[in-house]
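Numbering of ligands and ligand atoms starts at 1, following listing order.
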Amino acid sequence: MRKPPSRKGTNQMSENFEKALASRVAGGYPQPLFDAMRYSLFNGGKRLRPRLLLSACADLGGDENEAMPFACAMEMIHTYSLIHDDLPAMDNDDFRRGQPTCHKKFGEAVAILAGDGLLNLAFETMAEACENSSVEAAGRRFAAAGIIAKAAGARGMVGGQAADIDSDAARADGAVLTFIHEKKTAALFSAALAAGSALAGAAGEKRAAMAEAGKCLGLAFQIKDDICDAAAEKDAGKASYAVFYGLEKAEEDYMRHSQEAIRLIARECPPDGALHSLAVSMSGL
Ligand code: GRG
């Protein structure tokens, strides 16, 4: 029988997560490669995707220890995507989270390899969790690994990034924008809730509803990002929701996706659970 939902404090959950993540990238040779991986993993990320995964798993009665390797894998994949997104061949950014980007600090070659190293470490971490599993838990863990792999790959985040690079403000239409948002950003949010649910033993309609809630959170998150970029005039020449639809509709759609995410989470999870409060705080509702 599955455990009742955990009421562990979110601070304790975050502390356990930071320890688990640090232990996965301790030491290592050549040192500049591992220093670059650690630099980008530990410079102030909000940890939204692992928090979503751990909260979904806890609220649906799963075990935090079982979910932890998958939460670490999500943050490794997210971090690799940011390192590569900042490279000169992509967004060419000098700063992230107010500090020099990985390639500005360590050089382009090391930054590319740090991203590659993190992506592969994510899969190594999930594979290890599958291998070191009881027969009973193996199905849940393989399901979570598959969900995360698909969301990160060419039919998910990588595909969305490719479409984004190929887009420009003049040619972008609503369908292209939706594709980019769903794949580039919402795929990982959706995977976080679906994988967390799978690790708690949820399947079928319940897991699909959680995946949908994650997708809505991701869409809201990306629309907000576009609204902020428009306000800061950082969207010149790029396909942007706020530019294409205008600020009023962008705000409306932001609210609509946020409310739908919270409605689904309230339906599938305990109302006083960690996921509900995280979704409410992310949405500012
Ligand atoms: C390079 C394969 C590849 C993919 C890149 C994530 C991504 C795809 C691009 C980042 C571009 C961007 C700024 C998109 C807006 C949404 C987003 C992912 C913001 C960053 O996520 P946060 O706010 O990051 O969760 P922190 O800094 O908290 O970790």
Flag for D253-Y245: side-chain donor and acceptor within less than 3.5 Å |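 No.
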Per the side-chain hydrogen bond (donor to acceptor under 3.5 Å, both in side chains) rule, which among T101, D91, N43, D86 passes with R96?
->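 With R96 as partner, side-chain hydrogen bond (donor to acceptor under 3.5 Å, both in side chains) holds for just one option, D86.
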Just grab all the ring pair (Phe, Tyr, Trp, His ring centres under 6.0 Å) pairs involving residues 183-207, residues at least two apart or on different chains.
->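 Counting only pairs at least two positions apart or across chains, the ring pair (Phe, Tyr, Trp, His ring centres under 6.0 Å) contacts touching residues 183-207 are F189-F221.
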Within residues 31-60 or reaching into it, pairs that qualify as ring pair (Phe, Tyr, Trp, His ring centres under 6.0 Å) - sequence neighbours excluded =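 Counting only pairs at least two positions apart or across chains, the ring pair (Phe, Tyr, Trp, His ring centres under 6.0 Å) contacts touching residues 31-60 are Y39-F106.
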Who pairs with H181 by side chain to side chain donor-acceptor pair (under 3.5 Å), at least two apart in sequence or on another chain?
->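 Partners of H181 by the side chain to side chain donor-acceptor pair (under 3.5 Å) criterion, ordered by chain and then number, come out as D226.
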Would the number of heavy atoms belonging to other residues, nucleotides or ligands and lying under 6.0 Å from CZ of R155 be above 12?
->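 For R155, atom CZ is not crowded (no more than 12 foreign heavy atoms under 6.0 Å).
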Kindly print each ligand 1 N/O atom paired with any protein N/O atom under 3.5 angstrom away, one pair per line, or none if nothing qualifies.
| unit_1 | atom_1 | unit_2 | atom_2 | d |
| --- | --- | --- | --- | --- |
| ligand 1 | 21 (O) | R49 | NH2 | 3.2 |
| ligand 1 | 23 (O) | K46 | NZ | 2.5 |
| ligand 1 | 24 (O) | H78 | NE2 | 3.3 |
| ligand 1 | 25 (O) | R49 | NH1 | 2.8 |
| ligand 1 | 25 (O) | R49 | NH2 | 3.3 |
| ligand 1 | 27 (O) | R97 | NE | 2.8 |
| ligand 1 | 27 (O) | R97 | NH2 | 3.4 |
| ligand 1 | 28 (O) | K46 | N | 2.8 |
| ligand 1 | 28 (O) | K46 | NZ | 2.8 |
| ligand 1 | 29 (O) | H78 | NE2 | 2.7 |
| ligand 1 | 29 (O) | R97 | NH2 | 2.8 |

